[in-house]
Amino acid sequence: AINVEVAAVPGAAGALPAGALTVMCGHGERAMTAASLLVAGGNHQVSVFAGGPDTWSEATGLALDVGP
C-alpha cells in the first residue's frame with residue numbers, strides 16, 4: 001500500500017506502480033476523486049475499494065498495521 005493524499009495524486013502518478021491500481025480512503029468520496037484524477041491522467045486500470053481500512057480489515061480478517 002502507498003499512502004498518497006488526494007491533492008497529491010496528479011503529481012504522484014509517475015511514482016505509482018504501473019498497471020492496475022485500487023484506491024481507498026476512509027469512506028469512499030476521496031477515493032472516487034483520486035480515481036477520477038488517475039483516469040484523467042491516463043491510467044484506465046483504476047478501481048475503488050468500497051469502504052475503508054476497517055472494511056478491508058473486517059473482510060480479510062487481518063489487523064491494520066499503524067505506522068509511526
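Numbers here simply count residues along the sequence, with the first being 1.
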Checklist line | Pairing residues for Ser36 by the side chain to side chain donor-acceptor pair (under 3.5 Å) criterion, not counting sequence neighbours | finding: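 Residues passing side chain to side chain donor-acceptor pair (under 3.5 Å) with Ser36: none at all.
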What pairs with [X] under side-chain contact (heavy atoms from CB on, under 4.5 Å), at least two apart in sequence or on another chain?
X	value
Val39	His44, Val46
Thr33	Val6, Leu37
Ser57	Leu64

Check: Thr55 and Ala50: which non-hydrogen atoms are nearest, and at how many Å?
Finding: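 Taking Thr55 first and Ala50 second, the nearest heavy atoms are CG2-O, 3.8 Å.
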Note to self: Do Val9 and Leu21 sit in one hydrophobic cluster, given that two such residues count as connected whenever their side-chain heavy atoms are within less than 4.5 Å of each other, even indirectly?
What the structure shows: yes
Checklist line | ILVMFWY network linking Phe49 to Leu62, side-chain heavy atoms under 4.5 angstrom | finding: yes
Considering only distance and modelled atom types, tabulate donor-acceptor pairs under 3.5 Å from the side chains of residues 22-30, sequence neighbours left out.
unit_1, atom_1, unit_2, atom_2, d
Thr22, OG1, Ser47, OG, 3.0

Note to self: Nearest 0.5 angstrom please: Leu16 CG to Leu38 CG, how far?
What the structure shows: 6.5 Å
Margin query: Applying side chain to side chain donor-acceptor pair (under 3.5 Å) as the test, list every pair that has at least one member in residues 3-14; sequence neighbours left out.
Written below: none
